[in-house]
Amino acid sequence: MKKKQLFILVAALSLIAAGCTKTSEGVTRITYYPVLTLEGDQYVTMETGSSFSEPGYSAIMNGEDVTDQVEVTSNLDSSTPGIYKVNYSIVNEDGIAATASRYVIVAAAGDEIPGAYTTNPNSYRDNGSAQTKMGGAFQVVVYPNGKPNEYVVSDLLGGWYGQRAGYGSNYELVGTIQAKDGVVTLLGSHLIGWDDAALGFSNGTYGDGTIHWDVVYANDTWTFSITIVKN
């Protein structure tokens with residue numbers, strides 16, 4: 001009886017081994033990853049009612065140009081001031097995708113405020129006893145919020161925590177401002193990561209492609225003096 005059971009077990013194992021050999025025999029697979037590249041700026045500003053002019057993009061896979069396989073989608077509404085996203089995507093035969101995004105800021109003709117800015121490296125944080133300069137140029141985006149003379153600023157801290165410290169976008173103090181007659185006032189703010197807001201705002205001005213403000217944040221004695229320059 002034991003011999004019979006042993007024979008059945010050996011036969012079953014032989015069938016399994018044979019099945020594995022047949023299904024895997026001679027199979028070799030190489031996956032080529034697509035590489036997607038955007039041309040031009042990541043942030044583009046256009047006037048209300050105008051047509052979006054694509055700066056360009058390209059895709060390469062296994063040394064071949066596969067740009068014609070890129071799918072482009074967008075929620076762009078050129079009739080309404082605001083910020084919109086253009087998405088680019090290409091997927092290989094194994095379902096592996098390469099993606100990229102571009103942002104389009106739609107602004108009324110003659111509106112000098114909206115656009116992509118860079119923080120002046122001489123911007124600083126004053127903690128009440130010493131000043132520490134920003135020391136680098138970081139990106140800040142300003143775009144219309146749908147109301148006259150009102151805008152959203154991507155980071156009232158000029159990139160101090162989100163980019164300079166490397167904490168990420170959840171640690172950018174997003175603010176809504178009013179800019180009118182050369183004066184900037186704060187309407188509201190919020191920083192997701194710490195779930196708090198600015199404690200004070202003063203000296204807000206704009207002109208000649210530059211916006212400046214002083215914002216009190218995190219501590220009553222911490223003032224961030226920020227100047228951003230339009231790209």
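All values below come from the heavy atoms of this structure, side chains included, with hydrogens, waters and symmetry mates left out. Model, not experiment: these values are computed from the prediction.
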J.: Tell me whether N219 contacts the main-chain N or O of T221 through its side chain, where contact means a donor paired with an acceptor under 3.5 Å.
T.: yes
J.: Run V153 and V140 through side-chain contact (heavy atoms from CB on, under 4.5 Å) and show every step you take.
T.: CA-CA 7 Å; V153 179; V140 177; 3.7 Å; yes
J.: Could you tell me whether E112 and K230 have a side-chain N and a carboxylate O separated by less than 4.0 Å?
T.: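 No, this pair does not count.
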J.: In terms of heavy-atom contacts, does CD of E71 have more than 12 from other residues, nucleotides or ligands at under 6.0 Å?
T.: no
J.: For a 4.5 angstrom cut-off between non-hydrogen side-chain atoms, does N92 reach M61?
T.: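 Yes - at least one pair of side-chain heavy atoms lies under 4.5 Å apart.
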J.: Specify the closest pair of heavy atoms between I90 and P34, including all atoms of both residues, with the distance to one decimal.
T.: CG2-CB, 3.7 Å
J.: Pick one: which of L156, L173, L199 meets side chain to side chain contact (heavy atoms under 4.5 Å, CB included) with Y217?
T.: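 It is L173, the one option of L156, L173, L199 that forms the side chain to side chain contact (heavy atoms under 4.5 Å, CB included) with Y217.
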J.: Between OH of Y151 and CD1 of I177, what distance do you get to the nearest 0.5 Å?
T.: 8.0 Å
J.: Should T205 and N203 count as side-chain neighbours, where that means a heavy-atom distance under 4.5 Å?
T.: no
J.: For D208, does the CG atom sit with more than 12 other heavy atoms under 6.0 Å from it, leaving out its own atoms?
T.: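 It does not: D208 CG has 12 such atoms or fewer within range.
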J.: Does the plane of the ring in Y171 sit parallel, tilted or perpendicular to the ring in W194? Use 30° and 60° as the thresholds.
T.: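 It falls in the perpendicular class, over 60°.
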J.: Quick one: are D77 and V106 in side-chain contact, heavy atoms under 4.5 Å?
T.: no
J.: Among D196, V174, T176, D195, find the residue that satisfies the side chain to side chain contact (heavy atoms under 4.5 Å, CB included) test when tested with H190.
T.: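 Exactly one pass, corresponding to D195.
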J.: Using side-chain heavy atoms (C-beta onward) and a distance below 4.5 Å, is M46 in contact with V104?
T.: yes
J.: Going only through I, L, V, M, F, W and Y residues with side-chain contacts under 4.5 Å, is there a path from Y103 to V141?
T.: yes
J.: Does the side-chain hydrogen bond (donor to acceptor under 3.5 Å, both in side chains) test come out yes or no for S123 and N120, once each step is laid out?
T.: CA-CA 6 Å; S123 298; N120 185 319; 5.1 Å; no
J.: Report yes or no: does T67 contribute a side-chain atom to a donor-acceptor pair with the main-chain N or O of A59 at less than 3.5 Å?
T.: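 Between the backbone of A59 and the side chain of T67 there is a qualifying donor-acceptor contact (under 3.5 Å).
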J.: For the atom pair OH (Y124) and OG1 (T223), what is the distance rounded to the nearest 0.5 Å?
T.: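 The distance works out to 8.0 Å.
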J.: Quick one, R125 and M134 - any side-chain contact, counting heavy atoms below 4.5 Å?
T.: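 No, their side chains stay 4.5 Å or more apart.
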J.: Do you reckon Y206 sits in the same ILVMFWY cluster as L157, going by side-chain contacts under 4.5 Å, direct or chained?
T.: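 The answer is yes; both residues are in one hydrophobic cluster.
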J.: What are the two closest non-hydrogen atoms of V86 and S74, and how far apart are they?
T.: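 Taking every non-hydrogen atom into account, CG2-OG, 3.6 Å.
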J.: How many angstroms lie between atom CG of L36 and atom OG of S89, to the nearest 0.5 angstrom?
T.: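 Those atoms lie 8.0 Å apart.
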J.: Same cluster or not: are I105 and F52 linked, directly or through other Ile, Leu, Val, Met, Phe, Trp or Tyr residues, by side-chain heavy atoms under 4.5 angstrom apart?
T.: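 Not linked; separate clusters.
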J.: Do E150 and N145 meet the criterion of a side-chain donor-acceptor pair at a distance under 3.5 Å?
T.: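 Per modelled atom types, E150 and N145 side chains form a pair under 3.5 Å.
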J.: Would you find a donor on one side and an acceptor on the other, under 3.5 Å apart, between the side chain of R102 and the backbone of E39?
T.: yes
J.: To the nearest 0.5 angstrom, please state how far the CD1 atom of I83 sits from the OG1 atom of T45.
T.: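 Nearest 0.5 Å value for the CD1-OG1 distance: 8.5 Å.
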J.: Run T31 and I96 through side-chain contact (heavy atoms from CB on, under 4.5 Å) and show every step you take.
T.: CA-CA 9 Å; T31 296; I96 298 173; 3.6 Å; yes
J.: Which is it for N231 and T118 under the side-chain hydrogen bond (donor to acceptor under 3.5 Å, both in side chains) test, yes or no, and what are the steps along the way?
T.: CA-CA 7 Å; N231 295 346; T118 300; 2.6 Å; yes
J.: Identify the heavy atoms of P55 and G40 that sit nearest to each other, and give their distance.
T.: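 Taking P55 first and G40 second, the nearest heavy atoms are CB-CA, 4.1 Å.
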